[in-house]
2 protein chains.
Amino acid sequence: MSTAHDALFRTLADPTRRALFERLCREGETTVGALTAQAGVSQPVVSKHLGVLKQAGLVRGRHEGRQTHYSAQLGALAPLIDWTSQMAGFWESRFDDLEDLLKRMGQ
Amino acid sequence: MSTAHDALFRTLADPTRRALFERLCREGETTVGALTAQAGVSQPVVSKHLGVLKQAGLVRGRHEGRQTHYSAQLGALAPLIDWTSQMAGFWESRFDDLEDLLKRMGQ
DNA sequence: CTCTCATATACCCCGCTGGCTATATGTCGA
DNA sequence: TCGACATATAGCCAGCGGGGTATATGAGAG
């Protein structure tokens with residue numbers, strides 16, 4: 001059911017991982033080494049996080065020689081946007097119901 | 001400082017908790033008992049999750065007699081929306097940079 | 001005042017996951 | 001072919017957090 005949302009939220013819940021994704025959004029394609037340099041955690045940890053981001057579809061890896069360039073896949077955020085606007089939608093419709101109710105009460 | 005985003009993502013990362021929030025968005029004010037009935041977990045667990053949601057500002061509790069009515073606070077999703085559009089914005093601007101580059105190369 | 005019901009809190013358990021180090025894999029330069 | 005470098009994988013450990021049960025708190029009913 002909420003599998004897609006689940007993966008997204010769970011993946012983005014970790015600060016380190018989200019920071020990596022943010023950097024990739026801001027700076028575009030970046031190597032693991034460059035990411036590691038400012039991540040505040042060890043290189044293997046960065047690789048692991050990138051793996052998780054990749055599995056969630058949030059990130060894409062391109063091999064070039066002995067280094068890997070990662071880039072953000074913004075489209076993967078779509079389910080998150082959908083979910084948010086869906087929640088807002090429920091809210092709105094309930095508000096409309098309330099308006100209807102008040103209207104009917106007032107007449 | 002992604003503190004606000006952090007709390008939101010972390011809070012919404014758990015499926016059970018997110019389901020509770022979704023129900024509150026769909027159905028409006030609901031009692032703990034009603035929520036527990038369909039949550040698939042015990043009442044204390046529901047209370048705990050509601051506590052977390054409350055701390056994140058996603059939910060509000062209103063005492064009425066011996067029961068508590070919870071309702072979603074949709075405004076709390078704002079940072080999430082901001083974050084998402086910010087990421088999209090970075091993406092866009094990088095795309096613009098690329099366009100600029102291509103333009104300069106082409107002239 | 002007491003009993004019951006609705007919710008919250010306390011406490012424990014256990015699995016998941018993020019961090020680490022060590023090492024494997026793979027690529028470039030000499 | 002060999003060594004250095006870039007990244008990935010393996011294996012381990014500790015802490016966090018979600019689940020449970022037991023119980024406290026508090027409000028209505030009788």
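Note on naming: letters A, B, ... go to the chains in the order of the sequence lines (proteins, then strands), and numbering restarts at 1 for each one.
Side-chain contact check for A:Y70 versus A:L20: every heavy-atom pair is 4.5 Å or farther apart. The shortest distance between side-chain heavy atoms of B:Q73 and B:S71 falls below 4.5 Å. Contact annotation: the side chain of A:D6 approaches that of B:R18 to within less than 4.5 Å [non-hydrogen atoms, C-beta and beyond].
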I'd like a list of close polar pairs between nucleotides 9-14 of chain D and the protein, N/O only, cut-off under 3.5 Å.
none

Each nucleotide N or O in nucleotides 2-6 of chain D that has a protein N or O under 3.5 Å away: list the pair and distance.
unit_1	atom_1	unit_2	atom_2	d
D:dC5	O2	A:R66	NH1	3.2

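Between its opening and closing five pairs, the helix from C:dC1-D:dG30 to C:dA30-D:dT1 changes axis direction by 20°, a value rounded to 10 degrees.
Rounding to whole angstrom units, CZ of residue B:R10 and C1' of D:dG15 are separated by 14 Å. Rounded to whole Å, atom C1' of D:dC16 lies 12 Å from atom CZ of B:R17. Between the P atom of D:dG17 and the CZ atom of A:F9 lies a distance of 18 Å, rounded to the nearest Å.
Here the CZ atom belonging to B:R26 is positioned 7.5 Å from the CD atom belonging to A:Q86, to the nearest 0.5 angstrom. Note that the CD atom of B:E22 and the CG atom of B:L24 stand 10.0 Å from one another [nearest 0.5 Å]. Separation of atoms CG (A:L74) and CZ (A:F21) is listed at 6.0 Å; rounding is to 0.5 Å. Remark: A:L80 CG to B:M87 CE distance equals 11.5 Å, nearest 0.5 Å. Of the inter-residue distances, the one linking A:T36 atom OG1 with A:H49 atom NE2 reads 11.0 Å to the nearest 0.5 angstrom. Going from atom OG1 of A:T11 over to atom CZ of B:F9 covers 10.5 Å, rounded to the nearest 0.5 Å.
B:T36 comes within contact range of no nucleotide atom at all, as no heavy-atom separation falls under 4.0 Å. Here B:H49 lies in heavy-atom contact (under 4.0 Å) with sugar-phosphate atoms only.
Listed by chain and number, the residues in a side-chain hydrogen bond (donor to acceptor under 3.5 Å, both in side chains) with A:S47 are A:Q43 (sequence neighbours excluded).
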Ignoring hydrogens and angles, write down the donor-acceptor pairs under 3.5 Å from the side chains of residues 51-63 of chain A, residues two or more places apart or on other chains.
unit_1	atom_1	unit_2	atom_2	d
A:R62	NE	A:E29	OE2	2.7
A:R62	NH1	A:E64	OE1	2.8
A:R62	NH2	A:E29	OE1	2.6
A:R62	NH2	A:E29	OE2	3.3
A:R62	NH2	A:E64	OE1	3.1
A:H63	ND1	A:T68	OG1	3.3

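Using a distance-only test at 3.5 Å, with no hydrogens or angles considered, a donor-acceptor pair links the side chain of A:T30 to the main chain of A:G28.
Two residues, B:H69 and A:S42, neighbour DNA chain C, and the one matched to the more 5' nucleotide by heavy-atom proximity is B:H69.
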*Going through the distances and angles, do A:W83 and B:L12 end up as a side-chain contact (heavy atoms from CB on, under 4.5 Å)?*
CA-CA 11 Å; A:W83 183 86; B:L12 294 172; 3.9 Å; yes

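Put simply, chain A comes within 4.0 Å of DNA chain C, heavy atom to any atom, from C:dG18 to C:dC28, going 5' to 3'.
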